[in-house]
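Computed from heavy atoms alone, side chains included, the values below leave out hydrogens, waters and symmetry copies. All values reported here derive from a predicted model rather than from experimental measurement.
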Amino acid sequence: MCLRCAGIGTCMHFYHLCPGLERSCTKRKMQRWTESLPTLKAILKDARRLMCPCYKYGLQRNRIHKKSILCEALQHNLPPFTPPPHTEDSVYPMPRVIFRMFDYTDDPEGPVMPGSHSVERFVIEENLHCIVKSHWKERKTCAAQLVSYPGKNKIPLNYHIVEVIFAELFQLPAPPHIDVMYTTLLIELCKLQPGSLPQVLAQATEMLYMRLDTMNTTCVDRFINWFSHHLSNFQFRWSWEDWSDCLTQDPESPKPKFVREVLEKCMRLSYHQRILDIVPPTFSALCPANPTCIYKYGDESSNSLPGHSVALCLAVAFKSKATNDEIFSILKDVPNPNQDDDDDEGFSFNPLKIEVFVQTLLHLAAKSFSHSFSALAKFHEVFKTLAESDEGKLHVLRVMFEVWRNHPQMIAVLVDKMIRTQIVDCAAVANWIFSSELSRDFTRLFVWEILHSTIRKMNKHVLKIQKELEEAKEKLARQHKRRSDDDDRSSDRKDGALEEQIERLQEKVESAQSEQKNLFLVIFQRFIMILTEHLVRCETDGTSVLTPWYKNCIERLQQIFLQHHQIIQQYMVTLENLLFTAELDPHILAVFQQFCALQA
């Protein structure tokens with residue numbers, strides 16, 4: 001093997017950056033945009049170019065300075081290398097796709113940017129990635145190190161920095177560091193170079209906006225979160241008129257949806273009237289609704305609604321600091337619309353009782369998050385009784401959504417609180433998200449934030465119990481190790497208590513894993529149902545399958561697989577046998593097959 005080629009090690013490193021270049025289906029799943037990628041052939045071509053004597057660029061080549069020493073040094077023959085064979089338990093790194101935003105035409109006045117496939121571009125980016133990795137916990141230090149990159153006068157450094165930061169932010173399945181780090185880092189860079197970097201960042205933002213049609217939905221989410229947070233640090237100033245093309249497009253298209261979601265996120269960081277003031281009047285259709293509570297029993301026209309009189313009594317009782325028993329007494333006489341059903345569960349599930357109670361309580365506690373949390377805590381027993389059945393849990397979520405339809409942030413925090421206090425369970429939240437009541441809001445960002453938060457809570461719950469079980473087993477092992485040869489009955493009693501605790505924890509682990517498995521089965525089953533309905537409807541109507549809704553939905557399915565791949569791997573056999581069978585539509589089955597290819 002020739003060791004004199006300075007580019008060989010670099011070429012091998014680039015191949016590591018793009019493991020599995022031959023796995024095209026896997027690559028497509030990891031792409032930020034649906035565009036072509038640099039191939040190994042192009043990288044190898046540039047590596048060979050480094051051997052050319054006429055090669056020049058602003059990169060250090062230490063081999064040249066030590067050429068005389070290397071020529072006299074002892075030469076080594078490397079033995080053949082045989083890669084280890086594949087086994088069932090082999091773990092491979094996730095594929096990494098090379099990210100490109102700029103080319104030499106984007107900065108015509110400054111130094112020329114290296115080509116997209118050139119080795120120089122890769123080396124510069126790798127150095128910048130290393131700086132971020134080393135200093136990401138200290139944004140000021142990180143920003144200072146980035147703008148002090150050696151040879152910065154020979155390259156358009158600001159363009160490289162912005163491209164590298166967005167490359168990490170949009171990395172799939174997850175960025176190397178928390179999302180907010182990249183926001184704070186870009187803000188710090190804008191402070192250090194106020195005369196140049198903000199313009200490059202604005203140019204990058206415009207380019208990302210123009211590419212929204214081909215951008216991965218997960219990356220669009222991160223773009224929304226970053227841009228809204230960034231605007232909040234610069235008085236929400238932006239040239240919105242430049243994006244007026246979104247006003248004439250289908251509201252479900254990527255551009256108008258992006259602007260709508262950004263304004264909604266900005267409202268979370270400000271207030272409603274401020275958002276109305278910062279955008280032109282022509283953008284009013286994309287502005288978020290006023291986040292007020294919708295109380296169906298509050299106006300005069302509600303007198304004829306079922307349960308109106310009970311709602312008035314409940315309002316008086318809540319204001320009088322009534323106890324749970326007094327609330328139960330008021331709700332006792334609420335008629336049950338399901339009383340004619342034959343099944344026993346129909347009598348226990350009273351939708352009108354839930355509606356009157358939840359509507360009135362949330363309306364009176366609408367002043368703040370804290371008021372709502374206190375209301376849930378005070379009347380927790382009533383919630384648990386009314387939502388005893390699966391239908392009851394689902395209806396509590398439906399009514400809560402009706403009350404706070406215009407306030408997505410309140411919906412998210414209330415769902416989170418209800419899961420924590422076990423008023424509803426994770427499976428109920430998943431079923432609610434895929435229900436017909438949320439069909440109009442199915443593609444909105446807050447819905448998927450709730451679903452991913454729910455999955456993370458379930459995963460953390462399982463990990464917590466598993467950790468407790470492992471700690472109990474380790475404690476028992478330590479006791480056995482310390483035990484002397486003497487007959488110590490007290491030690492036997494301690495062992496017995498620990499063994500009982502381990503048995504209980506083992507049961508809890510099995511129960512939690514069963515709930516976790518059921519949650520993923522519910523989610524994937526509902527995905528398959530709504531996607532199949534869409535495909536059948538398009539085939540019947542003779543219309544194109546590739547609608548904005550379909551792109552969003554299929555990429556949300558990919559997002560579930562990618563973001564929770566380590567947990568889902570445990571249930572691969574069950575998913576393949578029960579849901580993702582050979583009879584499934586190829587459009588849906590392809591997503592599962594791509595996921596399987598990640599570990600193939």
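Cation-pi geometry between Lys517 and Tyr571 is not met at under 6.0 angstrom from the ring centre and within 45 degrees of the axis.
When every heavy atom of Asp213 is checked against every heavy atom of Lys551, the shortest pair comes out as O-CE, 3.5 Å. The nearest pair of heavy atoms linking Phe527 to Cys553 is CE2-O, 3.6 Å. The two residues Val545 and Tyr550 come nearest to each other via the heavy atoms O-CB, 3.3 Å. The two residues Phe401 and Glu437 come nearest to each other via the heavy atoms CE2-O, 4.0 Å.
For His177, the ring-ring contact (aromatic ring centres under 6.0 Å, His included) partners at least two apart in sequence or on another chain are Trp136. Residues passing the salt bridge (Lys or Arg N to Asp or Glu O under 4.0 Å) test with Glu355, sequence neighbours excluded: Lys296.
Listed by first then second residue, pairs satisfying ring pair (Phe, Tyr, Trp, His ring centres under 6.0 Å) with a partner in residues 263-288 number zero, not counting sequence neighbours.
Taking a 6.0 Å sphere around CD of Glu539, one finds it holds 12 or fewer heavy atoms contributed by other residues, nucleotides or ligands. Within a 6.0 Å radius of CD in Gln422, no more than 12 heavy atoms belonging to other residues, nucleotides or ligands are found.
A salt bridge links Arg556 with Asp221: at least one charged nitrogen is closer than 4.0 Å to a carboxylate oxygen. Salt-bridge annotation for Lys265 and Glu449: present, with a side-chain N of the basic residue lying under 4.0 Å from a carboxylate O of the acidic one. A salt bridge links Lys457 with Asp416: at least one charged nitrogen is closer than 4.0 Å to a carboxylate oxygen. A salt bridge links Arg444 to Glu264: at least one charged side-chain nitrogen sits closer than 4.0 Å to a carboxylate oxygen.
No side-chain donor-acceptor contact under 3.5 Å links His564 to the backbone of Ile567. Looking at Lys393, its side chain does come within 3.5 Å of a backbone N or O of Glu388 through a donor-acceptor pair.
Between Val403 and Ile294, every side-chain heavy-atom pair lies at or beyond the 4.5 Å cut-off. Side chains of Ile278 and Trp238 form no contact here, defined as non-hydrogen atoms less than 4.5 Å apart.
Phe166 has its ring centre no less than 6.0 Å from the ring centre of Phe223.
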